[in-house]
Amino acid sequence: PMAGCVPLSVNFSQVGTHVSFQSWNFGDGNLSALANPQHTFTQVGSYTVGHFVENINGCRDSSFQIITVYPLPVANFSLTSTDPCFAPVTVNTNNISTGSINFQWDFGNGITSNLTNETVVFANPGTYNVSLTATSIHGCTNTLVVPFTVYPRPVAVFTVSSQTICEGQSVIFSSQSTFADSLVWDMGDGTILIGNSVVYTYPTAGN
């Protein structure tokens with residue numbers, strides 16, 4: 001191609017006649033003596049590529065082409081949401097991309113959008129890869145992926161070895177809770193205990 005997005009790989013073909021010797025100057029400080037070289041332009045800009053030929057008698061000629069390398073847009077965004085512990089979670093996007101005219105969202109939950117900014121609802125707990133692909137006026141693209149997590153709510157459940165005991169006897173409380181990272185027990189008489197299962201002796205009668 002004569003134009004494209006950075007990095008731009010270009011194939012050059014020697015189509016001259018009566019050529020015995022040749023060289024290429026790609027305009028970015030790189031040279032080649034191959035007949036049909038391939039070169040990758042890694043910086044944005046316009047480059048005048050020169051092809052210099054000579055026949056066996058020392059007669060010379062040259063030709064030039066301009067290669068244009070376009071910049072990539074920068075895809076960038078932030079997310080704001082309702083409490084991620086309480087599904088369904090509503091998420092608003094803040095698109096702060098630069099150098100782009102078109103956008104494509106993929107929220108990782110089956111929902112896509114081509115709006116500049118979008119509001120989406122995540123119905124279930126999980127980690128979703130939210131991606132934004134930004135496209136420039138020249139068709140160059142750039143993608144940013146940001147994970148978003150909806151956390152499962154812990155469910156407090158426990159069993160007790162006996163619901164009626166005598167004063168001074170011990171009772172076992174065993175947690176059957178799910179999605180819990182910490183367990184704190186309020187024993188009902190002002191005593192606080194921590195642990196998955198606790199054994200407690202009530203010193204006085206009561207409920």
For the [atom1] atom of [X] and the [atom2] atom of [Y], what is their distance to the nearest 0.5 Å?
X: F26; Y: Q65; atom1: CZ; atom2: CD; answer: 13.0 Å
X: Q169; Y: Y202; atom1: CD; atom2: OH; answer: 13.0 Å
X: L132; Y: E118; atom1: CG; atom2: CD; answer: 11.5 Å

Under 3.5 Å side-chain donor-acceptor pair for S100 and T135: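 S100 vs T135: no donor-acceptor pair found between side chains.
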
Option from D83, T82, V89 for which side-chain contact (heavy atoms from CB on, under 4.5 Å) with F86 holds: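 For F86, the side-chain contact (heavy atoms from CB on, under 4.5 Å) test succeeds with only one of D83, T82, V89, which is D83.
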
Derivation of the ring pair (Phe, Tyr, Trp, His ring centres under 6.0 Å) call for Y151 and F179: CA-CA 9 Å; Y151 299 104; F179 305 113; over 10 Å; no

Side chain to side chain contact (heavy atoms under 4.5 Å, CB included) assessment of E167 paired with T204: CA-CA 6 Å; E167 183 180 26; T204 58; 4.1 Å; yes

Steps toward ring pair (Phe, Tyr, Trp, His ring centres under 6.0 Å) verdict (F52, F64): CA-CA 9 Å; F52 306 91; F64 299 88; 5.7 Å; yes

Candidate pair I192 and M187, rule side chain to side chain contact (heavy atoms under 4.5 Å, CB included), full reasoning: CA-CA 6 Å; I192 302 296; M187 307 313 295; over 6 Å; no

Cluster link I111 to V130, ILVMFWY, side chain under 4.5 Å: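 Yes: a chain of side-chain contacts under 4.5 Å links I111 to V130.
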
Aromatic ring pairing H39/F41, orientation class (parallel under 30°, perpendicular over 60°, tilted between):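 Aromatic pair H39/F41 classed perpendicular.
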
Geometric class of the F107/F122 ring pair [parallel <30°, tilted 30-60°, perpendicular >60°]: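 It falls in the perpendicular class, over 60°.
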
Note, V19 side chain near Q14 side chain (heavy atom, < 4.5 Å):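 Yes; the side chains approach each other to less than 4.5 Å.
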
Distance flag, aromatic centroids of W185 and Y200, threshold under 6.0 Å: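 No.
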
Verdict with reasoning, T112 to Q104, per side chain to side chain contact (heavy atoms under 4.5 Å, CB included): CA-CA 7 Å; T112 60; Q104 183 63 48; 3.7 Å; yes

Donor-acceptor pair, side chain of S97 and main chain of A134, under 3.5 angstrom: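 Not confirmed, S97 side chain does not pair with A134 backbone.
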
N76 side chain vs I96 backbone, donor-acceptor pair below 3.5 Å: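 No: the side chain of N76 does not pair with the backbone of I96.
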
